[in-house]
Amino acid sequence: MTLKLYNSATRKKEVFKPIKNDHVGIYVCGVTVYDLCHIGHARSAIVFDMLIRYLRARGMKVTYVRNFTDVDDKIIKRAKEMAEETSDLANRYIKTFYEDMHTLGVLDADIEPRATEHINDIINMVKILVEKGFAYVIDSMVYFSVEKFKTYGALSGRKLEDMIAGARIDVDENKKHPMDFVLWKGAKPGEPQWDSPWGKGRPGWHIECSAMSCKYLGNTFDIHGGGRDLIFPHHENERAQAMAANGVNFANYWMHNGFLTVESEKMSKSLGNFITIRDAIRLYHPQVLRLFLLSKHYRSPLDFSKTSLSEAKSGLIKIYRTLQRLDEEIGPYDASNKIKIPAFKEAVNGKDFKSTFLGAMDDDLNTAAGLGLIFDKVKGINRLLDKSPTIDKIKAKLSKERNDLLSCANILGLLEETPAKFLENILRGASDIKKDEVEKLIRERNEARSIKDWAAADSIRDNLCDMGIILEDKPDGTVWRFKTNDA
RNA sequence: GGCGGCAUAGCCAAGUGGCUAAGGCAGCGGUCUGCAAAACCGUUUUACAUCGGUUCGAAUCCGAUUGCCGCCUCCA
């Protein structure tokens, strides 16, 4: 089995071969910390989180680097508006970033460098670029000369000539070429600034990623990722800087996740449809969001709509219900037994469930197909449960099926909660409902049922239903749960 | 203007040359139940945008058409 990944640089699916056998280096562009993260950030974070989990599950060692951009124009502007230090603003939003990501079950990266902590690395790289003639200095500004770098445009698939035609008019007059971009910006009063050979100033946007990725992963590394919109200019420029400075190839594979729209419209502040992760988790359980975000291939555009989210929710509840049935029949899942990474290194004979799942994931991380398999498995488990779960042989089979299901789901970062906890959270109704009262009513109803007073029994059940409570009469008694309240 | 992507049933979404075109959601019918709920089974008129072409054979390859979208400017 071979993992194939779509490489944005070649616009083809390619067999993934790490530079060092079984040790993968990945750099993903993180966030600029000047505001709360939105659901687009969530998609990107979850997609790459899934990639990392998958590589590890397949037995690879992974060094995952994800940066924070903590100095740039937007941060400076926002800090001015809020009348606070840029560093305070950045720290505040770094904190909310972690909170949001942890809620979504996104694992921390191994290395999480900040631009402001790598000013020396950045200055060194700019220095090299100037020395090698790829950059020029005008006053206190340093520019990268795109004409000096022969393969400029190769990543994003565009030609310099085409870009000039579409270039904006308000080009910085100092630039030798309209597409030249800033490596180092001269300081303005009141802005964060550092000493440099070109006077006080701060780094341009792209250079931090070139400097930090090479510092932690080497001049050439395996995978560089980010949102689709970063291909140009950010990644194009990153690549140009790093390759010009180091004289070797930069990232071998470029991966870009597709964009999220909201009710079929592009998410933008002007349209007022900007959904932060915090807004989203107020309406939807984080696991529902995660399932939704992985329900379509990561490179395709995905529409964040009420109906899609509610479909994801129904699907996830179905799975957790099955897990709960399993808990009841064969006992709770032993978390210590959980996913011994690598979960997939052995036990791949090509026909079993895990192999099939692996096959889907190996095809450029086809999570949609993988989820299809998970739902198939759930149906299979339900059938077994409907049969006769008391037979030891079936119990053993159920236990294995659950292990398989959960080890696959874990790669997607799903099904990590206990069913009891998940269902209680998601099926929550009016919070003022008293447990004792509900149980008292259920006892009354059962008394009515025992004397076959169906009218009285049904009336009690209807009342409970109005309170948002659904009853299920099972062979060994009546259980109740809150009605799904659709967000 | 330049570059690129997408179009699969009521909705969401896999499948990129060959068995009955995954899976989910919703609806309907059935089994179960006192009735329900949950689960299971079945089902939802011709589901592969249109028109040509290549091929023994295409949703899948090629061309044209229509429609939608993204990037080219900060953006995940």
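When reading the values below, keep in mind they use all heavy atoms of this one structure, side chains included, and skip hydrogens, waters and symmetry mates. Just so we're clear, the structure is a prediction, and the values are computed from it rather than from any experiment. Naming convention: chains lettered A, B, ... in sequence-line order (proteins, then strands); numbering from 1 in each chain.
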Gap between atoms CG and P, on A:Asp303 and B:rA76 respectively (whole Å): 19 Å

For A:Glu311, all residues meeting salt bridge (Lys or Arg N to Asp or Glu O under 4.0 Å), sequence neighbours excluded: none

A:Lys13: side-chain hydrogen bond (donor to acceptor under 3.5 Å, both in side chains) partners, not counting sequence neighbours: A:Asp363

B:rC40 phosphate, OP1 or OP2, under 4.0 Å from A:Asn382 side-chain N/O: yes

A:Tyr27 ring center near A:Phe250 ring center (under 6.0 Å): no

Pairs flagged by salt bridge (charged side-chain N to carboxylate O under 4.0 Å, His left out) wherever residues 35-47 of chain A is involved - sequence neighbours left out: A:Asp35-A:Arg78, A:Asp35-A:Lys269

SB check A:Glu147 A:Lys176 (cutoff 4.0 Å): no

Proximal nucleotide (of B:rC25, B:rC40, B:rC75) relative to the A:Glu311 side chain: B:rC25

Value in whole Å for how far the C1' atom of B:rG15 lies from CG of A:Asp363: 10 Å

side-chain hydrogen bond (donor to acceptor under 3.5 Å, both in side chains) partners for A:Asp229, two or more places apart: none

Any residue of residues 253-265 of chain A with a heavy atom less than 4.0 Å from an atom of RNA chain B: A:Asn257, A:Gly258, A:Phe259, A:Leu260

Pairwise distance CG(A:Asp473) to CG(A:Asn446) - rounded to 0.5 angstrom: 6.5 Å

side-chain hydrogen bond (donor to acceptor under 3.5 Å, both in side chains) partners of A:Lys188, counting only residues at least two apart: none

Ion pair check, A:Asp352 and A:Lys400, cut-off under 4.0 Å: no

Partner residues of A:Lys377 under the side-chain contact (heavy atoms from CB on, under 4.5 Å) criterion, sequence neighbours left out: A:Phe353, A:Ile381, A:Glu401, A:Leu405

Touch class at under 4.0 angstrom, heavy-atom based, for A:Gly40 against every strand present: base

Which residues share a side-chain hydrogen bond (donor to acceptor under 3.5 Å, both in side chains) with A:Asp100, sequence neighbours left out: A:Arg278

Under the 3.5 Å Watson-Crick or G-U criterion, the dot-bracket string of RNA chain B, with | for inter-strand pairs: (((((((..(((.....[....)))((((((.......))))))....(((((..]....))))))))))))....

Gap between atoms CD and P, on A:Glu329 and B:rA39 respectively (whole Å): 15 Å

Under 4.0 Å protein heavy-atom contacts per nucleotide of nucleotides 27-36 of chain B, with B for base, S for backbone only and - for none: -------BBB

Nearest-angstrom distance from the residue atom CZ of A:Arg325 to P of B:rA37: 16 Å

Interatomic distance where NZ belongs to A:Lys266 and P belongs to B:rC6 [whole Å]: 19 Å

side-chain contact (heavy atoms from CB on, under 4.5 Å) partners of A:Ser305, counting only residues at least two apart: A:Glu263, A:Asp303, A:Thr307, A:Ser308

Of the listed nucleotides B:rG23, B:rA38, B:rC25, the one nearest the side chain of A:Ser314: B:rC25

Whether A:His285 and A:Phe422 hold their rings parallel, tilted or perpendicular, with breakpoints at 30° and 60°: perpendicular

Residues touching RNA chain B, which here means a heavy atom under 4.0 Å, drawn from residues 41-49 of chain A: A:His41, A:Ser44

